[in-house]
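Working notes, beginning with the structure itself.
All ligand and atom numbering here is 1-based and tracks the order in the structure. All residue numbers refer to positions in the sequence shown, counting from 1. Please read all numbers here as calculations on a predicted model, not as lab measurements.
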Amino acid sequence: MKYNFGAGPCILPQVVFQEAAAGVLDFNGLSILEVSHRHKDFVAVMDEAIALTKEALGVPDGYSVTFVQGGATLGFTIAALNMMRERKTAGYINTGTWATGAIKEAQKVGVDVNVFASSEHKNFTYIPKNYSIPEGLDYLHFTSNNTIYGTQFHAFPSTDLPLVCDMSSDIFSKQINVADFDLIYAGAQKNLGPAGATLYVVKDEVLGKSSSPFLPTYLDLKQHVEKESMMNTPPVFSVYVAMLNLRDLIAHGGVSAMEQRNNAKAALLYDEIDRNSQFKGAVATEDRSKMNATFLLNDETRAADFDALWKGAGIVGLPGHRSVGGYRASLYNALPIESVKVLVDVMKEFERKA
Ligand SMILES: *Cc1c(COP(=O)(O)O)cnc(C)c1O
């Protein structure tokens, strides 16, 4: 038995692994891996994945959902290309590696990026709050959860500008108001399914309004929406497993029930980080992520002892991202609270041995 705290690709519900495995062997007589994406059986999977996404997120009328290959990294480019208007100027909040990546890709396709708020000067250990948003921007982009640093927006930027968000690592983890956004995107492999598909939730009004002189067909969200996510071969298996996972999410009470479970998991771990004399949190308390809890040892010389303890307990995926070090416990939807209890017990044992 392993307790997987990995940051992505990450744990999915065990029942989803079983159903996915069954589909590899037998999906209406073929393997899901060999079925034509144009076959009505797979078209039904795609339609259900889109419908369940709308149900789970409460996507209102006037919005479309589409799955595209290429990861959230391609989403950086797709967001910029689809949201740029005549001014070609956008505001970005820089809260970490992924936000920085989004900024760079926007600049590469000709957006004049105004980084009006950033926590870079403090190694991205907090979420900027008291900023003023400049005038004349085409859109505002931010990253709702900073997977690497372990910070999360607990209140979203308040603006009349079209709001664009990379929600890769906290989508489906808590209730959101989709109507606040013009575009949401999320790579599948953090809370949705295996890597391969990226989810886009887009306001229909924004489709077809790009000012870019170069908009490849594949990067035009209007095309993907009109072709019902079937412009070319979609990431069939990723969408299939995402659909199974969404069925499971909804069967267990949907996003609101998930949010309560996630709150309980995060509280259990952060309470221990704060109580335990051997550990400290890595980021500003009020900005702590409920998906990726980062923490540090007070005494770095004990690292080998702690590593031996958690590895011995069957925990995997606990080291922090290679760029920041320390520890990161990812508490994605499918991680059971029992796994958090195992980690907390290990932390207590480590304290006793100090
Ligand atoms: C993982 C991650 C990405 C990158 O996703 P890929 O699918 O690997 O391109 C981007 N943004 C955030 C917030 C992430 O957590």
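- For atom 11 (N) of ligand 1, the nearest non-hydrogen atom of the protein is Asp166 OD2, 2.6 Å.
- For His224 and Tyr218, the ring centers are positioned less than 6.0 Å apart.
- The protein heavy-atom contact nearest to atom 2 (C) of ligand 1 is Lys190 NZ, 2.6 Å.
- Residue contacts with ligand 1: Thr143 is placed with no nitrogen or oxygen under 3.5 Å of a nitrogen or oxygen of the ligand (distance criterion only).
- At a heavy-atom distance under 4.0 Å, only backbone atoms of Asn145 (N, CA, C or O) approach ligand 1.
- In this structure, Arg328 fails the cation-pi test against Phe295, since its NZ or CZ atom is not both closer than 6.0 Å to the six-membered ring centre and inside 45 degrees of the ring normal.
- There is a side-chain donor-acceptor pair under 3.5 Å between Asn292 and Asn145.
- In terms of protein heavy atoms, atom 15 (O) of ligand 1 is closest to Thr147 OG1, 2.5 Å.
- Residue contacts with ligand 1, taken as heavy atom pairs separated by less than 4.0 Å, involve Thr73 via backbone and side-chain atoms alike.
- What sits closest to atom 8 (O) of ligand 1 on the protein, heavy atoms only, is Gln189 NE2, 3.3 Å.
- Ranked by closest heavy atom to atom 6 (P) of ligand 1, the top entry among Ala72, Ala7, Gly187, Ala195 is Ala72.
- Remark: Lys190 qualifies as a cation-pi partner of Trp98 under the 6.0 Å distance and 45° angle criteria applied to the six-membered ring.
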Given Tyr327 and Trp310, is the side chain to side chain contact (heavy atoms under 4.5 Å, CB included) satisfied, shown in steps? CA-CA 11 Å; Tyr327 297 94; Trp310 60 259; 3.6 Å; yes
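- Using a 4.0 Å cut-off between heavy atoms, Met167 makes no contact with ligand 1 at all.
- With no hydrogens or angles considered, no side-chain donor-acceptor pair links Ser211 and Glu86 at under 3.5 Å.
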